[in-house]
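Following: one structure in structure tokens, then a few remarks.
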2 protein chains.
Amino acid sequence: MNRAILRITRQRRVILEELRKVDTHPSADEIYEMVRKRLPRISLGTIYRNLEILSETGEIQKLETGSHLKRFDGRADDHCHIRCRRCDRLVDIFVHLGAELDDRIRGATDFAVLGHKLEFVGICPNCQDQAAEAPIATAG
Amino acid sequence: MNRAILRITRQRRVILEELRKVDTHPSADEIYEMVRKRLPRISLGTIYRNLEILSETGEIQKLETGSHLKRFDGRADDHCHIRCRRCDRLVDIFVHLGAELDDRIRGATDFAVLGHKLEFVGICPNCQDQAAEAPIATAG
DNA sequence: TTTGCTGCAAATCCTTTGCAGAGGT
DNA sequence: ACCTCTGCAAAGGATTTGCAGCAAA
């Protein structure tokens with residue numbers, strides 16, 4: 001992927017701006033809808049291409065954990081996420097476990113440890129409230 | 001997904017047996033190939049349906065972290081994995097960080113924390129050796 | 001006998017790609 | 001002017017699903 005000098009196109013700039021505006025970790029398709037309000041003729045292909053490039057250069061983060069579709073994060077600094085099991089909402093958590101975790105497993109593997117992907121799973125406050133009103137029927 | 005009483009079909013049994021034989025965390029397609037040697041007429045659809053059911057009932061684990069395709073783990077007990085960045089091989093690690101990690105973030109979120117997905121990334125011994133002989137060209 | 005499961009094939013969903021023309025630098 | 005980027009549309013790969021017949025219980 002030896003990329004030459006990047007150009008700052010209108011599309012690339014707007015994609016980054018829109019992604020930086022939110023903390024909702026939208027999917028490519030959701031970003032497409034957001035950007036389309038400002039650039040109605042942009043194509044989904046361009047969205048995908050730019051999200052790929054922006055995450056390669058480290059300006060954004062591609063989140064591939066635990067969902068069938070990719071989500072993107074406008075923040076690239078050290079933080080992790082928690083996903084709601086009911087509504088699939090993904091929220092930032094600023095607890096820094098980073099290097100510590102990696103150190104803890106170095107004795108337990110013969111791999112050279114480079115890093116990790118961590119995502120918590122839970123129920124968000126909204127869905128907790130709904131559950132109180134109308135609990136989800138679990139088999140059994 | 002309120003499922004009724006499950007039947008133990010020949011297909012379901014063989015899929016589980018084959019998955020339990022290996023510690024390689026195969027994809028659906030790889031499991032298809034393994035099972036086909038014993039049940040040549042089985043279909044990929046049946047493989048997918050059964051892997052889904054078996055992971056719902058907790059007999060196996062569906063691994064969705066950090067790869068474009070799902071992998072499956074015949075062990076359902078508490079352990080995590082490390083993935084090789086070069087060859088994508090996925091290996092078990094038996095360091096138990098489970099409950100401890102969840103406790104550490106309970107103060108930092110208003111979600112009800114249920115658990116987490118954790119996957120380490122590194123370079124496996126094989127690929128380390130290869131790198132020593134012929135280092136991978138990185139852009140620059 | 002009941003009804004969950006199977007094989008088959010088509011459908012679906014997300015993502016990537018080829019191409020000719022547009023637009024940054 | 002050069003060469004990366006874009007829009008369009010088609011391709012791609014993994015997974016899901018409808019259906020009629022099959023087979024556990």
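Each chain gets a letter, A, B and so on, in the order the sequences are listed, and its residues count up from 1.
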Please state whether the phosphate of D/dG13, meaning OP1 or OP2, lies under 4.0 angstrom from any side-chain nitrogen or oxygen of B/K70. no
Length of the CG-P vector between B/L39 and C/dC8, whole Å: 12 Å
Interatomic distance where CG belongs to B/L44 and P belongs to D/dG13 [whole Å]: 14 Å
Between D/dA23 (P) and B/N50 (CG): distance, integer Å: 16 Å
Of the candidates D/dA25, D/dA14, D/dT6, the side chain of A/T46 sits closest to D/dT6
Rounded to whole angstroms, how far apart are CG on B/D88 and P on D/dA14? 12 Å
Any side-chain N or O of B/Q11 under 4.0 Å from OP1/OP2 of D/dA23? no
Consider side-chain contact (heavy atoms from CB on, under 4.5 Å). Of A/T46, A/L19, A/L16, which one does A/L51 pass it with? A/L19
Within the structure, does a side-chain N or O atom of B/R41 lie under 4.0 Å from either OP1 or OP2 of C/dC8? yes
Rounded distance in Å - CD1 (B/I47) to P (D/dT16): 13 Å
Any side-chain N or O of B/R12 below 4.0 angstrom from OP1/OP2 of C/dC5? yes
Has B/T9 got a side-chain N or O lying under 4.0 Å from the OP1 or OP2 atom of C/dT6? yes
What is the distance, to the nearest angstrom, from the OH atom on B/Y32 to the P atom on C/dA9? 11 Å
Do any side-chain nitrogens or oxygens of A/Y48 fall under 4.0 Å of OP1 or OP2 in C/dT16? no
Pick one: which of A/V121, A/L118, A/V91 meets side-chain contact (heavy atoms from CB on, under 4.5 Å) with A/I82? A/V91
Donor-acceptor pair (no angle test) under 3.5 Å: A/R7 side chain, D/dT4 base: yes
Which part of the nucleic acid does A/D29 contact within heavy-atom distance under 4.0 Å: base, sugar-phosphate only, or nothing? nothing
Assuming nearest nucleotide by heavy-atom distance, tell me which of A/R10 and B/R10 is located more 5' along DNA chain C. B/R10
How long is the straight-line distance from OH of B/Y32 back to CD1 of B/I15, given to the nearest 0.5 Å? 11.0 Å
Go through the steps to decide whether B/R71 and B/E30 satisfy the test side chain to side chain contact (heavy atoms under 4.5 Å, CB included), and finish with yes or no. CA-CA 9 Å; B/R71 298 188 164 279; B/E30 287 164 345; 3.5 Å; yes
Whole angstrom is fine here: how far is it from CD in A/E52 over to C1' in C/dT16? 10 Å
Could you state the CD-P distance from A/E56 to D/dC5, rounded to the nearest angstrom? 11 Å
For B/R20, is the CZ atom crowded, meaning more than 12 foreign heavy atoms sit under 6.0 Å from it? yes
